[in-house]
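Everything below concerns the one structure shown next.
Worth saying up front: this structure is predicted, and the values here are computed from it rather than measured.
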Amino acid sequence: MEIIECEGLGVTYPGGVEALKNVDLTIEDGDFVIVVGLSGAGKSTLLRTINRLVEPTTGTIKVDGRVINNLDKKELKEYRSEVGMIFQNFNLVNRSSVLRNVLAGRLREVPTWRTLLGLFPEEDVEEALSCLERVGIKEKADSRADELSGGQQQRVGIARALAQEPKILLADEPVASLDPPTSHAVMQDLKRINEEDGITTLVNLHFIDLAQEYGEKIIGLREGELVYQGPASKVTEAKFEEIYGRSITADDQLTAGGEADV
Amino acid sequence: MKTSNTSLRDYEKKSMKWYVGYFVVLALFIWSMIGMNINLERISDGIPAMGRILALMVPPDTARLESSVIGMIETIQIAVIGTTIAAIFSIPVSFMAARNLGLPTAVSTAGKQILNAIRTFPSLVFGIFFVASYGPGPLAGVMALGINSIGMLGKLNSEIVEAIDPGPIEALEATGANYPEMFLYAVIPQVLPEFIGTTLYRFELNLRQASVLGLVGAGGIGVTLMQALQFRRWAIVGMTMLVIIVVVTILDYSSAFIRKKII
């Protein structure tokens, strides 16, 4: 069954940049999809259009059979709570505790008067802790977020998204700020969660070796246009060169050490 | 060769600007000295008198220790209340004046203008104004510091708000959080420790201001100081100065210590 269907999706930013052009896209429920393309190809825009952090200019997006282009404010918040997001720079509140960062994923579930007073019900705190346990850092719950390593911080980001109990997980370059071993660990976490919970997952990546290793399906974007959509197994180096519009270099591979040690 | 020539010429241009700058400052200085009829002779003539007055302050009049301490306690209280009032009122204005919270530009511009307007007035002007409105006494001092400090606290705090990382706000928006929740969970934790830091810093400044505000009748140890100065009771001046210096130094260090611990 399709969970995400985009038809003629286009995004033009106020400055006139056409970030997405006429994208037709289908994603099946439970898929683990890697979105590849050069920086500026529209990967981030695509993810942010799905949870409406970016407004589509043209076309429609259907999620679970419902068009989400024209949700009112309340419906939009409700919808966003079903879509978890993970960011390149983790986007944690550095000075807050790990637990408080993860509880942010429960905000929509808890009445506002309680969240504003910081009075989360016991079961929501338990839920947040169990999300931390799933990514292996429950013991860090009381630490300040900025005391953690990059890989641990990204796991807090994953736990925050999991705390939303989402149907869809969007990960925008989740490993671009991490070293190679940590990158693999985070990708394995995402893959494991996808397999265990069946959460449809879209991951933006620019490393082709990671894309091939973890992706079941691959979406290729080039200058805002969808140039490939299909199983990862069928993506050859020639196909990548077509998506990237140039020959593949060491910088496009994590193991080749392009951006290692950053 | 060509590039090195251009960069040499740029360098010469830059040093020319510096020379022009030096010349302008020097010219301003000489112009002011001539206008004031100040020369080295007149400056050196005053030195013996300074020495005599300083000598008269020692030993300080210990009989006035108690009254000086009582005056200083009032000064501390004026600074505490004034700073607290300013902190409370400056916080909404600093969020209003920040340009990165999605408020209409007209609102943040208005906020910034209010803060600029307040900062134009020196605290002594506020002091005289409130002494005239409320009569002499600590209340006038509290009002003067309270209103005057809003300007600086509001400006510093709004700059802190403008410097926050927008990432957590985006992350909270993506979870479906509402505006108050985004504010409380993504904005407040980023700014609160620094707000406390600026408030403590303002408290240090206000303690000094409060010591001086008594000169215009706005309560505290400054009242004692003003009377002693008017009647040339230098030993009493010495006593009050000593109390001010000791207390201000101690509180300065403690506040700076707390600030370091917080941020």
Choice from I169(B), N178(B), I164(B) maximising heavy atom contacts with chain A below 4.5 Å: N178(B)
For atom [atom1] of [X], is the number of surrounding heavy atoms from other residues, nucleotides or ligands below 6.0 Å larger than 12?
X: Y13(A); atom1: OH; result: yes
X: Y201(B); atom1: OH; result: no
X: F183(B); atom1: CZ; result: yes
X: E122(A); atom1: CD; result: no
X: Y253(B); atom1: OH; result: no

OG1 (T175(B)) and CD (E109(A)) are apart, to the nearest 0.5 Å, by 10.5 Å
Nearest 0.5 angstrom please: N91(A) CG to L172(B) CG, how far? 9.5 Å
Taking side chain as everything from C-beta outward and backbone as N, CA, C, O, which of these in L184(B) sits under 4.5 Å from a heavy atom of chain A? Side chain, backbone, both or neither. both
Is E181(B) salt-bridged to K77(A), cutoff N-O under 4.0 Å? no
Mind checking which of residues 41-54 of chain A sit less than 4.5 Å from chain B, heavy atom to heavy atom? R48(A), N51(A), L53(A)
Among residues 62-73 of chain A, residues within the sub-4.5 Å heavy-atom range of chain B, in order of number, are none
Looking only at heavy atoms and a cut-off of under 4.5 Å, which of [options] has the most pairs with chain B?
options: L170(A), T112(A), N89(A); value: T112(A)
options: L107(A), L116(A), I86(A), V83(A); value: L107(A)
options: R108(A), R160(A), R95(A); value: R95(A)

Please evaluate residues L103(A) and Y185(B) with respect to the criterion side-chain contact (heavy atoms from CB on, under 4.5 Å), reporting the C-alpha separation (whole Å), side-chain torsions for both, the decisive distance (0.1 Å), and the verdict. CA-CA 10 Å; L103(A) 280 171; Y185(B) 281 80; 5.5 Å; no
Determine the minimum heavy-atom distance between M85(A) and A174(B), stating which atoms define it. CB-CB, 4.1 Å
Residue among V93(A), N94(A), N101(A) satisfying side-chain contact (heavy atoms from CB on, under 4.5 Å) with P189(B): V93(A)
